[in-house]
Amino acid sequence: MSQHDTPAPTPVFAWQGRDAQGRPTQGRLNAHTAGLARAQLRRQGVQSVRLQRLWWDRPPRVRPSDLSLMTRQLAALLRAGVPLLQSLDMLSRSLTSVALLNIVQQVHNDVASGSALHEALARHPAHFTRLYTSMVQAGESAGILDTMMERLAHTLEKNEALRSRVRSALVYPTAVMGVAISVLVLILVFVVPVFEDVFKSFGAELPWATQIVVALSDGLSASGPVAVVVALLCLWFWQRPQAGQAQFKAAKDRWLLKLPMLGPLMGTAVVARWAQTLSALLSAGVPLAEALGPVAQACDHSVYEGVTLQLQRQVTQGSRLSEGMAQSDRFPPMIVQLCATGEETGAMDQLLARAGGLMETELDDRVNGLSSLLEPLIIVVLGGLIGGILVAMYLPIFRLGQVF
């Protein structure tokens with residue numbers, strides 16, 4: 001095989017069996033053959049194994065709400081004095097998410113083999129971010145893992161609440177726009193051609209508004225299959241983990257921040273998440289220069305991720321965080337001022353937590369204002385579009401009635 005050949009992917013098997021205590025367990029593993037998969041499971045103490053090869057393997061997705069709930073449950077068990085291994089074992093018996101159950105079982109096996117918890121979690125970067133592993137590592141180093149898990153659960157819940165607020169503000173207008181566009185397409189593709197055949201029988205020149213609608217209908221009917229193919233290709237590209245996807249996401253994030261109403265809303269949500277995450281890491285005892293790395297990942301926004309990594313480089317070189325934030329023009333003056341005060345007083349974690357709370361309040365105000373503004377705006381725009389099409393279709397009939 002040449003050096004340019006890509007090795008074939010290892011088959012994936014879904015398995016079910018019983019552990020050493022006789023309890024039912026399940027999961028997935030990679031092995032070249034079913035025999036090797038069974039041997040691997042026997043070494044792990046799994047008995048009565050049933051295997052099924054997965055020809056189309058798409059790993060189950062772990063929802064953020066499930067992860068925050070699992071973190072809260074683990075924090076409660078550790079707070080009650082239950083040892084870590086026993087806590088992970090009890091946790092695996094109470095989880096309802098199959099994907100998270102498999103991960104917790106693997107983490108339990110790694111910890112039982114002698115790995116630290118943060119090392120076991122770091123082996124699953126798709127589910128446990130650097131923010132997660134950094135706070136767990138800080139808790140293990142200081143001997144306050146239960147406290148750190150509680151703070152981590154609180155931070156995850158806060159971040160998910162911020163995302164939910166933004167999503168809730170966009171769900172209604174997106175759904176209404178989707179339905180309205182579907183109705184417009186149906187009218188242009190199926191209704192307008194019927195009127196067009198009737199208009200041709202008149203033999204008279206059509207009004208300019210009717211001509212525009214007919215031209216739109218003809219163009220949509222002609223390019224409809226091409227548009228469907230392009231949409232499917234875009235969806236396929238979106239799902240593929242390619243290098244170009246990161247560039248596409250960066251361009252999309254920059255464009256969204258420039259939108260008149262949506263841009264400030266998204267910026268406020270990201271800055272609030274940024275402040276809360278940095279506050280949680282600083283409260284856990286993570287140094288500022290090290291904390292900015294997980295904060296960049298927790299932003300979940302390419303623009304602010306790049307800005308935060310630039311801030312990390314400046315802080316490592318000895319610059320003040322507030323100065324870099326002011327130069328970036330991505331943070332409100334209130335956040336910059338609170339960071340400057342925190343650097344002078346040594347209470348940056350507390351001030352950032354307060355700033356995050358203020359940004360949450362501002363986000364609520366923006367969401368409420370956007371919702372109250374979008375509802376009548378959408379009704380007026382869509383009513384005008386659909387009404388305009390209907391009037392354009394009936395104009396020739398009205399003129400015909402005037403002639404006769």
Side-chain angles (χ1 to χ4, degrees), residues 68 71-72 75-76 78-79 118 129-165 267-301 304-305 307-312 314-316 318-366:
S68 59
T71 306
R72 178 69 68 184
L78 294 175
R79 176 69 73 180
H118 73 275
T129 62
R130 288 179 58 194
L131 164 67
Y132 203 106
T133 56
S134 297
M135 293 192 68
V136 171
Q137 183 178 8
E140 288 180 309
S141 301
I144 51 173
L145 183 58
D146 54 347
T147 303
M148 287 299 102
M149 295 303 293
E150 288 183 353
R151 289 183 181 177
L152 180 57
H154 181 71
T155 302
L156 293 176
E157 291 164 356
K158 283 279 189 180
N159 291 345
E160 182 59 23
L162 286 172
R163 294 189 185 96
S164 298
R165 289 174 188 172
T268 302
V270 175
V271 172
R273 187 162 61 247
W274 186 93
Q276 290 173 349
T277 304
L278 184 56
S279 172
L281 286 169
L282 294 177
S283 301
V286 181
L288 177 60
E290 297 179 12
L292 288 172
V295 169
Q297 188 179 18
C299 286
D300 195 23
H301 195 282
Y304 281 90
E305 181 179 356
V307 170
T308 306
L309 293 177
Q310 178 64 27
L311 292 175
Q312 185 183 34
Q314 294 176 356
V315 170
T316 303
S319 301
R320 298 182 60 174
L321 176 63
S322 57
E323 295 176 354
M325 293 171 63
Q327 295 172 1
S328 68
D329 287 333
R330 291 292 183 183
F331 297 91
M334 181 266 295
I335 296 285
V336 177
Q337 183 59 42
L338 286 176
C339 281
T341 305
E343 288 172 327
E344 295 175 358
T345 61
M348 186 182 292
D349 55 341
Q350 300 175 11
L351 291 177
L352 281 174
R354 185 176 303 173
L358 293 175
M359 296 299 290
E360 281 189 35
T361 303
E362 182 180 351
L363 180 64
D364 288 335
D365 295 338
R366 288 183 181 272

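Owing to the predicted nature of the structure, the values given are computational and were not obtained by experimental measurement. Any value given below was found using the heavy atoms of this structure, including those in side chains, with hydrogens, waters and symmetry copies removed.
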Pairwise distance [atom1]([X]) to [atom2]([Y]) - rounded to 0.5 angstrom:
| X | Y | atom1 | atom2 | answer |
| --- | --- | --- | --- | --- |
| E140 | M149 | CD | CE | 9.5 Å |
| S328 | E323 | OG | CD | 12.5 Å |
| D146 | I144 | CG | CD1 | 8.0 Å |
| L152 | H154 | CG | NE2 | 11.5 Å |
| L282 | Q350 | CG | CD | 11.0 Å |

Which atom names give the shortest non-hydrogen contact between [X] and [Y], and what distance separates them?
| X | Y | result |
| --- | --- | --- |
| Q276 | N159 | OE1-OD1, 3.7 Å |
| A138 | M148 | C-CG, 4.4 Å |
| S322 | E343 | OG-OE1, 2.8 Å |
| V271 | M359 | CG1-CE, 3.8 Å |
| A291 | L278 | CB-CD1, 3.9 Å |
| Q314 | G324 | OE1-CA, 3.3 Å |

Donor-acceptor contact below 3.5 Å, side chain [X] vs main chain [Y]:
| X | Y | answer |
| --- | --- | --- |
| R151 | S283 | yes |
| E150 | A75 | no |
| Q297 | R130 | yes |

Heavy atoms from other residues, nucleotides or ligands near CZ of R72 exceed 12 (cutoff 6.0 Å):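 Yes - once you tally the heavy atoms of other residues, nucleotides and ligands closer than 6.0 Å, there are more than 12.
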Beyond-backbone contact of [X] with [Y], side-chain heavy atoms, under 4.5 angstrom:
| X | Y | result |
| --- | --- | --- |
| S279 | M348 | no |
| R320 | E344 | yes |
| L352 | L338 | no |
| T147 | R79 | yes |
| V315 | L292 | yes |
| S68 | E160 | no |

Mutual orientation of the aromatic rings belonging to F331 and W274 [parallel < 30°, tilted 30-60°, perpendicular > 60°]: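 F331 and W274: tilted rings.
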Steps toward side-chain contact (heavy atoms from CB on, under 4.5 Å) verdict (E290, S134): CA-CA 9 Å; E290 297 179 12; S134 297; over 6 Å; no
Verdict with reasoning, M135 to V286, per side-chain contact (heavy atoms from CB on, under 4.5 Å): CA-CA 8 Å; M135 293 192 68; V286 181; 5.7 Å; no
Result of checking R366, E360, R273 against T268 for side-chain hydrogen bond (donor to acceptor under 3.5 Å, both in side chains):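 Single pass found, and it is R366.
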Pair T277-L156, side-chain contact (heavy atoms from CB on, under 4.5 Å): steps then yes or no: CA-CA 9 Å; T277 304; L156 293 176; over 6 Å; no
Worked verdict on L288 versus L281 for side-chain contact (heavy atoms from CB on, under 4.5 Å): CA-CA 8 Å; L288 177 60; L281 286 169; over 6 Å; no
